[in-house]
Amino acid sequence: FRHPKAQADYPRDFRVGGVERNAGEHGGALYTYLATYMDIVQDVRIITSYEMYMGDDRISVSVAAMEFFPDGDGTKFVISERGVFLDGLDTNEQRHEGTAQLMDALGATFASGN
């Protein structure tokens, strides 16, 4: 395992069996996301299995499902996750907060038209 150092080191191989890796600092610690795409059905769902690291310590292992449903003129997006938080280094509340921040950023991107 090695931490990515530059954006070029963040692979996103969007296919079943493909890997995504990303890292960033939060609260003075380096957090790394390492995911494998387990299932992809266009316009229906994306399922990943992923690990989170704080520094070199694995803090959680999760399975996440992102599902898309027709909703009037738009799409309803539902994300669900099952995680195991290791050694007291991560919690369900922290994961919920981080996911909410990501969803807010995604919503802002759509609202801006980018």
Side-chain angles (χ1 to χ4, degrees):
F1 172 75
R2 83 178 170 83
H3 291 293
K5 300 295 182 197
Q7 189 62 36
D9 290 338
Y10 296 164
R12 287 185 180 91
D13 185 6
F14 189 67
R15 63 181 175 84
V16 173
V19 173
E20 178 178 346
R21 182 180 306 188
N22 206 331
E25 288 191 31
H26 179 73
L30 178 64
Y31 288 87
T32 303
Y33 167 84
L34 179 59
T36 301
Y37 292 101
M38 305 304 291
D39 189 53
I40 301 170
V41 178
Q42 185 174 341
D43 300 328
V44 177
R45 69 180 170 267
I46 301 167
I47 300 174
T48 63
S49 173
Y50 73 93
E51 302 169 276
M52 289 291 298
Y53 290 82
M54 181 176 63
D56 291 329
D57 296 321
R58 183 183 303 131
I59 62 173
S60 67
V61 178
S62 299
V63 173
M66 291 145 277
E67 298 175 280
F68 309 91
F69 300 96
D71 187 19
D73 291 336
T75 301
K76 181 178 179 181
F77 175 65
V78 176
I79 185 168
S80 58
E81 180 174 339
R82 297 286 186 234
V84 178
F85 304 104
L86 307 172
D87 305 321
L89 299 173
D90 197 0
T91 66
N92 189 51
E93 293 76 21
Q94 289 170 303
R95 185 60 48 82
H96 184 268
E97 179 182 334
T99 301
Q101 290 171 356
L102 290 171
M103 295 302 102
D104 288 346
L106 180 62
T109 299
F110 282 119
S112 72
N114 290 331

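On a predicted model such as this, the values are computed, not experimentally measured, just so you know.
Residues Ile59 and Leu86 have side chains not in contact (no heavy-atom distance under 4.5 Å, counting atoms from C-beta outward). Two residues are said to be in side-chain contact when any heavy atoms from C-beta on lie closer than 4.5 Å; Thr32 and Glu51 fail this criterion.
Closest of all the heavy-atom pairs between Met103 and Phe77 is SD-CE2, 3.3 Å. Residues Phe85 and Asp90 come closest through the heavy atom pair CB-O, 3.3 Å. Of all the heavy atoms in Gly83 and Ser62, the pair that sits closest is CA-OG, 3.4 Å. Across every non-hydrogen atom of Ile47 and Ala65, the tightest pair is CG1-CB, 4.1 Å. Residues Arg15 and Tyr37 approach most closely at O-CB, 3.3 Å, considering heavy atoms. The minimum heavy-atom distance between Met54 and Leu89, with the atom names listed, is CE-CD2, 3.9 Å.
The OG1 atom of Thr48 sits 4.0 Å away from atom CE of Met66, with the distance rounded to the nearest 0.5 Å. Summarising the geometry, atom OG belonging to Ser60 is positioned 7.5 Å from atom CD belonging to Glu81; distances are rounded to the nearest 0.5 Å. The CE atom of Met38 sits 14.0 Å away from the CD1 atom of Ile46 when rounded to the nearest 0.5 Å. Rounded to the nearest 0.5 Å, atoms CG (Asp43) and OG1 (Thr75) are 8.0 Å apart. One distance of note links CD of Glu97 with OG1 of Thr91; it measures 8.5 Å at 0.5 Å rounding. To the nearest 0.5 Å, atoms OG1 (Thr99) and CG (Leu106) are separated by 12.0 Å.
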Please walk me through it: do Glu67 and Arg45 pass salt bridge (Lys or Arg N to Asp or Glu O under 4.0 Å)?
CA-CA 4 Å; Glu67 298 175 280; Arg45 69 180 170 267; over 6 Å; no

Intermediate values then yes/no, side chain to side chain contact (heavy atoms under 4.5 Å, CB included), Asp87 and Arg58
CA-CA 9 Å; Asp87 305 321; Arg58 183 183 303 131; over 6 Å; no

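Hydrophobic clustering places Phe68 together with Ile79 (ILVMFWY residues linked when any side-chain heavy atoms are closer than 4.5 Å, directly or through intermediates). One hydrophobic cluster holds both Phe14 and Leu102 under the rule that ILVMFWY side chains link at heavy-atom gaps under 4.5 Å.
Separation of the Tyr53 and Tyr31 ring centroids does not fall under the 6.0 Å cut-off.
Between Tyr50 and Tyr33, the ring-plane angle classifies as tilted under the 30° and 60° cut-offs.
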